[in-house]
> 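Before I ask anything, here is the structure I am working with.
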Amino acid sequence: MEESVLCQWSVFRSLLAILQWWGFNVTVIIMNKWIFQKLDFKFPLSVSCVHFICSSIGAYIVIKVLKLKPLITVDPEDRWRRIFPMSFVFCVNIVLGNVSLRYIPVSFMQTIKSFTPATTVVLQWLVWRKYFDWRIWASLVPIVGGILLTSVTELSFNMFGFSAALLGCLATSTKTILAESLLHGYKFDSINTVYYMAPFATMILGIPAMLLEGNGVLDWFNTHQSVVPALIIIFTSGVLAFCLNFSIFYVIHSTTAVTFNVAGNLKVAVAVLVSWLIFRNPISALNAVGCGITLVGCTFYGYVRHLLSQQPPPPGTPRTPRTPRNLMELLPLVNDKLDDKV
């Protein structure tokens, strides 16, 4: 009887974790698009800077004040030698995501983000000459094919937004590769990651945001009719962006890797549906098919990765910081815990 109750509680906890993760993620994406499109606040650097400030404050409160998470101690030298380069790429990744949201629909942007596994595999193959099972390469075919079909049939296609989203995938993959080489020895979770990287990202982005968008922000203040409600929405999006990081930590510890992968792909579908219901951006039938093919490919990729992760390494395999734990390289899931911030 007790085992049955525990099993039911475990299922309920996993479902609750997934739903709150979906809620925060979709809400942040929709709010960012609303800020750019409805509030006419077309300053992605400033929005990203607000998110980093809110995340820095939130992580400090969680770790230092509320002590909900223990602080992972990092040597001062490593903060600049390891954390700072990661923070720079992290900053570029978030900014490119927000830039793409300004110019293209949420549905198109989310579909392009699903291209991340392909860019990660190719970069690791080119940079480190890592070997991947043929099934990994085969799983990338529907992802690439779906992205191509979606791009060709996108009715609201914008080359600048498309390029920003695609470069965002490359930035995410670069961050993954850097994390493996720079952060080995530190077992970061999402909250500690934000605690160390968000202040650096704020520092990196603050001056460019003021120089490139400062005058535009001041003009927006002088011309926008409802400044206070708009500012509340902008800062609320920053608070929810931090809550998203906390929800990622919760969902990872409440579900299995396979469940996380499937739920991540379904989350993309939910974001696409909700964004269409709110913004009513036109989506053709072939465009929807391309998005579906991409999500199926991402699910297949996650399944193959899980199968390969169960294989033991060959006897006598030397261990180094860059050596994969299993026979094949363990790649990040499509919605990796460090790639889901917006």
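Owing to the predicted nature of the structure, the values given are computational and were not obtained by experimental measurement.
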> Applying ring-ring contact (aromatic ring centres under 6.0 Å, His included), can you list everything that pairs with W220, at least two apart in sequence or on another chain?
F41, H224

> Could you tell me which non-hydrogen atom of S48 sits nearest to which non-hydrogen atom of L205, and how far apart they are?
CB-CD2, 3.5 Å

> Testing the basics here: between V28 and S237, what is the closest heavy-atom pair and its distance to 0.1 Å?
CG2-O, 4.4 Å

> Could you tabulate the donor-acceptor pairs under 3.5 Å formed by side-chain atoms of residues 136-147, not counting sequence neighbours?
| from | atom 1 | to | atom 2 | distance (Å) |
| --- | --- | --- | --- | --- |
| S139 | OG | I136 | O | 2.6 |

> Shortest non-hydrogen contact from G238 to H51?
CA-CD2, 3.3 Å

> Please check: side-chain N/O of T150 versus main-chain N/O of C291, any donor-acceptor pairing under 3.5 Å?
yes

> Please confirm whether the backbone N or O of I104 pairs with a side-chain atom of K33, one donor and one acceptor, at under 3.5 Å?
yes

> Would you say L155 and N287 make side-chain contact, with heavy atoms under 4.5 Å?
no

> Give the minimum heavy-atom separation between V99 and F160, together with the two atoms involved.
CG1-CE2, 3.6 Å

> F84: which residues meet the ring-ring contact (aromatic ring centres under 6.0 Å, His included) condition with it, sequence neighbours left out?
W80, F200

> For residues 56-76, dump all side-chain donor-acceptor pairs below 3.5 Å to protein atoms at least two apart in sequence or in another chain.
| from | atom 1 | to | atom 2 | distance (Å) |
| --- | --- | --- | --- | --- |
| S56 | OG | F52 | O | 2.8 |
| K67 | NZ | K64 | O | 3.4 |
| K69 | NZ | D189 | OD2 | 3.1 |

> How close do A198 and S55 get, heavy atom to heavy atom, and via which atoms?
CB-CB, 4.1 Å

> Output all residues satisfying ring-ring contact (aromatic ring centres under 6.0 Å, His included) with F235, sequence neighbours left out; order by chain, then residue number.
none

> For E213 and L45, indicate whether the former's side chain and the latter's backbone hold a donor-acceptor pair under 3.5 Å.
yes

> With sequence neighbours left out, what residues match V289 under side chain to side chain contact (heavy atoms under 4.5 Å, CB included)?
L149, I293

> Between I278 and I234, is there shared hydrophobic-cluster membership here, with clusters defined by ILVMFWY side-chain heavy atoms closer than 4.5 Å?
yes

> Taking R102 for its side chain and K42 for its backbone only, find out whether a donor-acceptor pair lies under 3.5 Å.
yes

